[in-house]
Amino acid sequence: MGKTCLKGGIIVSGSGTRIADLLIEDEKIVRVDTDISDPDAEEIDCTGKYIFPGFIDAHTHFNLHVAGTVTSDNFETGTAAAIAGGTTFVIDFGTQYHGETLKEGLQNWHDMANENGPNSCDYSYHMSISEWNPKVRDEVDDMMEAGITTFKIYMTYPAMMLNDGEIYEVLKKLKEVHSFTGCHCENAPVIDALIKEQKELGNFGPSAHPRSRPDTMEAEAVHRLMVIAKEADAPVMVVHTTNEKALNEIIRARAEGVTAYSETCPQYLFLDKSLYDLPNFEGAKYICAPPLRTKHDQEVLWNAIKSGIIDTVCTDHCDFTLEQRKLGIDDFTKIPGGLPGVETRGDLMFSEGVGKGRISPECLCRVLSENQAKLYGVYPTKGALLPGSDADIAVIDPTRMKIITAADWVTNCDNTPYEGMKLRGCVEKVFLRGNLCVDDGRLIRRGLGRFVKRGVPNYTHVEGK
Ligand code: DUC
Ligand code: ZN
């Protein structure tokens, strides 16, 4: 592969930026310095461009079975979409379906990743625990051994959810092995009652979706999780935090000493719940859980990213075609839920976040790359531009324009919630372990992605950076 030198770019880390050259040799970064001159290296002028560690997306769902169908992106297409958007490492959710062991769940995910492949960015999985018993408890150690060092639990969805006592035991066990779990926080029984209420009122369309899953029921579940985490004296991650009330529960718990991490997703920063009221079943395109919230919540979340309250911005990428959405044409609860996002996150967050002055490049680096690498046990191999790190790199040109459209994206889905959005400041080049995979904004090389065995989480939440 040889040597490549990125000349004169703005090198970004979570704690600062500097103009420097960056030398890649084979799969690794070997030097970051001013005025590197190596006669054997191919030079690429990066003047005025931002050089980020490749973005990490620790929340994707490829090949996931939802509401009687399966996500339109599998590992092959999903990892290609990821790298096209500057994401060089994804962590999907391996899932233990009912009746399975964790090992069987993990094997199923390996099989899918291998069979669908080749994969175009590096990947790993968290393991979703949907049944808890002494055997599963012991298998947690096997998962850690296999490099699956973080987990996921659900407080909703009958096929996945654990009860409060089980959640307590999971948290305690994971603390023992220096791991933690992400948790989907929504109050399932009240949501069921609210769904019933909506249907009794004759509301079967997408606009009933946010009414049946209010912010209060997300906040209640976050509160409960925080209390359980405090009792277990164990760390926990709230995935896809959507609103001010839920965020306040996290802030309150932290003040009481709980080690609580928080993630949000672009859909909660850019889209609001008025979209569910669009006519002609258009609102179905935006169904996800928890649902989109208010413009006020969007501002609260942006401020929380800026002040370091939110640790990560992932995507919850989980996409369905318009035809698939029609499974719920007569009943909003049958619309497969989830939104595409793995391809658009880097561009959206740079253009609308950094470009519009909402967050700094350093902050973007933390929430899209560095914090995730530390939390999920791959730092500084990934999430950093240091000698010895993988040469996973996203080069962003702050003047590059783009109009988002599903007509010409890599994602295997015929719709994007950001259709027609104009961006300024987009991904130009992407390197995966030293290989140029995206050039001039176009995916030019696929199939180089590998499974990554992760280490234990090593991260401390710090606010106000
Ligand atoms: N929410 C969604 O909308 N889809 C997939 C899983 C989830 O939690
Ligand atoms: Zn999810």
Side-chain angles (χ1 to χ4, degrees), residues 56-74 78 82 87 90-97 105 109 123-130 150-162 181-188 191 195 206 208-210 212-213 215 217-218 221-222 225 237-243 246 261-268 270-271 273 275-276 283-293 312-321 324-325 327-328 332-342 345 372 376 411 413 415-417:
I56 297 172
D57 188 350
H59 193 151
T60 65
H61 299 282
F62 302 145
N63 296 79
L64 189 74
H65 290 257
V66 178
T69 186
V70 61
T71 52
S72 57
D73 269 307
N74 62 21
T87 293
V90 297
I91 312 179
D92 204 76
F93 289 94
T95 301
Q96 171 210 26
Y97 292 121
W109 247 255
Y123 63 96
S124 175
Y125 334 106
H126 314 272
M127 184 49 58
S128 298
I129 300 173
S130 59
T150 46
F151 296 78
K152 168 93 176 275
I153 55 173
Y154 291 81
M155 295 169 104
T156 185
Y157 299 137
M160 314 285 297
M161 61 192 275
L162 300 183
T181 186
C183 185
H184 179 132
C185 299
E186 285 187 293
N187 179 316
I191 286 171
I195 288 171
H209 177 68
S212 66
R213 305 185 92 98
D215 57 356
M217 289 302 110
E218 181 183 334
V222 172
L225 179 70
M237 157 69 81
V238 177
V239 296
H240 46 47
T241 312
T242 72
N243 70 84
Y261 308 123
S262 172
E263 170 202 276
T264 192
C265 311
Q267 52 270 35
Y268 303 117
F270 296 107
L271 308 170
K273 66 179 182 178
L275 291 162
Y276 295 119
K285 251 181 16 196
Y286 305 95
I287 297 286
C288 57
L292 306 176
R293 303 299 187 190
T312 67
V313 177
C314 299
T315 64
D316 201 3
H317 182 93
C318 183
D319 55 354
F320 301 97
T321 62
Q324 286 178 297
R325 300 275 188 187
L327 284 167
F332 67 97
T333 61
K334 297 199 166 63
I335 300 170
L339 303 182
V342 78
R345 178 188 59 153
Q372 300 201 41
Y376 299 115
T411 304
C413 190
N415 65 94
T416 160

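When a ligand or atom number is given, it counts from 1 through the structure's own listing order.
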- Task: Find, among atoms of Asp316 that are N, O or S, the one nearest to the Zn ion (ligand 2), and state its name.
- Result: OD1
- Query: Should Tyr376 and His126 be marked as a ring-ring contact (aromatic ring centres under 6.0 Å, His included) after you check the CA-CA gap, both sets of side-chain angles, and the distance that decides it?
  - Reply: CA-CA 9 Å; Tyr376 299 115; His126 314 272; 5.1 Å; yes
- Task: For the pair His59 and His61, name the ring-plane relationship: parallel under 30°, tilted 30 to 60°, perpendicular over 60°.
- Result: perpendicular
- Item | ligand 1-proximal atoms of Asp316, by part, heavy-atom distance under 4.0 Å | side chain
- Task: Please work out whether any backbone atom (N, CA, C, O) or any side-chain heavy atom from C-beta onward of Phe93 is under 4.0 Å from ligand 1, and answer side chain, backbone, both or neither.
- Result: neither
- Message: Suppose I only count heavy atoms of His240 and a 4.0 Å limit; which atoms of ligand 1 are within that range?
- Response: 8 (O)
- Query: Can you list the ligand 1 atoms lying under 4.0 Å from a non-hydrogen atom of Cys318?
  - Reply: 4 (N), 5 (C)
- Query: Is Tyr276 reaching over with its side chain to a backbone N or O of Tyr286, donor-acceptor style, under 3.5 angstrom?
  - Reply: yes
- Name the one of Asp57, Thr87, Thr60 that satisfies side-chain hydrogen bond (donor to acceptor under 3.5 Å, both in side chains) with Thr315? Asp57
- Of Ala289, Cys288, Cys265, the one whose closest heavy atom lies nearest atom 1 (N) of ligand 1 is Ala289
- Looking only at distances, please establish whether an N/O atom of ligand 1 is found under 3.5 Å from an N/O atom of His61. no
- Query: Are side-chain N/O atoms of His317 and Asp73 paired as donor and acceptor at under 3.5 Å?
  - Reply: yes
- Contact flag Cys318/the Zn ion (ligand 2), N/O/S atoms, threshold under 2.8 Å: no
- Task: Output yes if His61 passes the N/O/S-under-2.8 Å test against the Zn ion (ligand 2); output no otherwise.
- Result: yes
- Got an N/O contact under 3.5 Å between Gly337 and ligand 1? yes
- If only atom types and distance count, is the side chain of Asn415 paired as donor or acceptor with the main-chain N or O of Phe320 below 3.5 Å? yes
- Message: Would you say NZ of Lys273 has more than 12 non-hydrogen atoms from neighbouring residues, nucleotides or ligands within 6.0 angstrom?
- Response: no
